[in-house]
Amino acid sequence: MAGRAIQIAPSILAADFSRLGEQVAEAQAAGADMIHIDVMDGSFVPNITMGPLVVEAVAKVATIPLDVHLMIAAPERFLKRFADSGADNLTVHIEACPHLHRTLAAIAELGCRPGVALNPHSPAGALAEVLGIVDLINVMTVNPGFGGQAFITSMTKKIRQLRQSAEAAGKFIDIEVDGGITDATIGAALAAGATIFVAGSCIFRHKRGIADGLAALRRAAADYSI
Ligand code: DX5
Ligand code: ZN
């Protein structure tokens with residue numbers, strides 16, 4: 001896997017919302033590859049965060065892609081709203097989509113990259129029939145709902161399985177890891193085959209600031225790729 005480009009997606013869930021624009025601009029200037037936006041509805045997950053208005057606000061500042069993670073029940077109701085707000089990647093949860101194939105097709109139809117997220121209990125094999133229509137798989141490495149949780153190490157097996165399935169399907173699929181990514185855990189996810197690394201606390205709450213948090217992650221990833 002040496003030489004494969006890795007992308008870091010700071011999650012604004014851990015940002016200072018009173019200065020959101022500045023914080024997004026700072027992450028971008030420090031070399032973030034995309035901005036991860038966690039949408040939670042208090043129903044699919046036990047927390048409420050932000051919606052299309054925040055995506056729209058971030059889109060005014062960001063020139064890098066917006067990676068929108070919908071942790072909401074029946075996400076098909078809001079796909080157009082998020083696409084119109086500026087989402088580039090639009091990820092829904094397999095556990096929230098009884099008609100996942102239709103939902104992913106609808107995302108592509110709106111001009112966004114279709115993504116599907118798996119909670120820790122959902123197996124890699126559940127995606128077998130949609131690999132052909134998915135551009136991004138988000139392997140949740142925590143149970144979704146909150147930032148600052150610990151990386152579930154057993155998820156690396158699932159990342160490996162999905163990387164193999166994607167290769168067998170003959171197409172490139174981004175595998176994103178989300179939750180508990182730090183300079184101590186990024187290497188394991190990278191070695192397993194992940195390509196996009198979402199990180200909230202360790203970037204926005206880094207003791208020396210956003211740029212240092214991002215640099216520490218890149219260094220840890222580079223050390224691991226050698
Ligand atoms: C969790 C969210 C994550 C979260 C990650 O439900 O999907 O994107 O922001 O935060 P950290 O990096 O703090 O675990
Ligand atoms: Zn997320």
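All values reported here derive from a predicted model rather than from experimental measurement. When a ligand or atom number is given, it counts from 1 through the structure's own listing order.
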- prompt: Just wondering, do V24 and L20 contact through their side chains at under 4.5 Å, heavy atoms?
  reply: yes

Qualifying ring pair (Phe, Tyr, Trp, His ring centres under 6.0 Å) pairs with a residue from residues 101-156, counting only residues at least two apart or across chains: none

task: May I ask you to test the M140-H69 pair for a side-chain heavy-atom distance under 4.5 Å?
output: yes

Heteroatom count (protein N, O or S) under 2.8 Å of the Zn ion (ligand 2): 4

So what's ligand 1 close to, N/O to N/O, under 3.5 Å?
unit_1	atom_1	unit_2	atom_2	d
ligand 1	6 (O)	G145	N	2.9
ligand 1	7 (O)	D38	OD1	3.0
ligand 1	7 (O)	H69	ND1	3.3
ligand 1	7 (O)	D178	OD2	3.0
ligand 1	8 (O)	H36	NE2	3.4
ligand 1	8 (O)	D38	OD1	3.1
ligand 1	8 (O)	D38	OD2	2.7
ligand 1	8 (O)	D178	OD1	2.6
ligand 1	8 (O)	D178	OD2	3.2
ligand 1	9 (O)	S11	OG	2.8
ligand 1	9 (O)	D38	OD2	2.9
ligand 1	12 (O)	G200	N	2.7
ligand 1	13 (O)	G148	N	2.8
ligand 1	13 (O)	S201	N	3.1
ligand 1	13 (O)	S201	OG	2.4
ligand 1	14 (O)	G180	N	2.8

- prompt: At their closest point, which heavy atom of I8 faces which heavy atom of I203, and how far apart are they?
  reply: CG2-CD1, 3.9 Å

task: Would you check if there is a donor-acceptor pair between the side chains of Q7 and T195 at a distance under 3.5 Å?
output: no

Modelled atom types, side-chain donor and acceptor of N138 and T91, under 3.5 Å: no

message: Would the distance check show the side chain of R102 and the main-chain N or O of H99 forming a donor-acceptor pair, the cut-off being under 3.5 Å?
response: no

message: Can you see whether H36 engages D178 through a side-chain donor-acceptor pair at a distance of less than 3.5 angstrom?
response: yes

- request: Applying side chain to side chain donor-acceptor pair (under 3.5 Å), name anything that partners R81, two or more places apart in sequence or on another chain.
  value: E56, S85

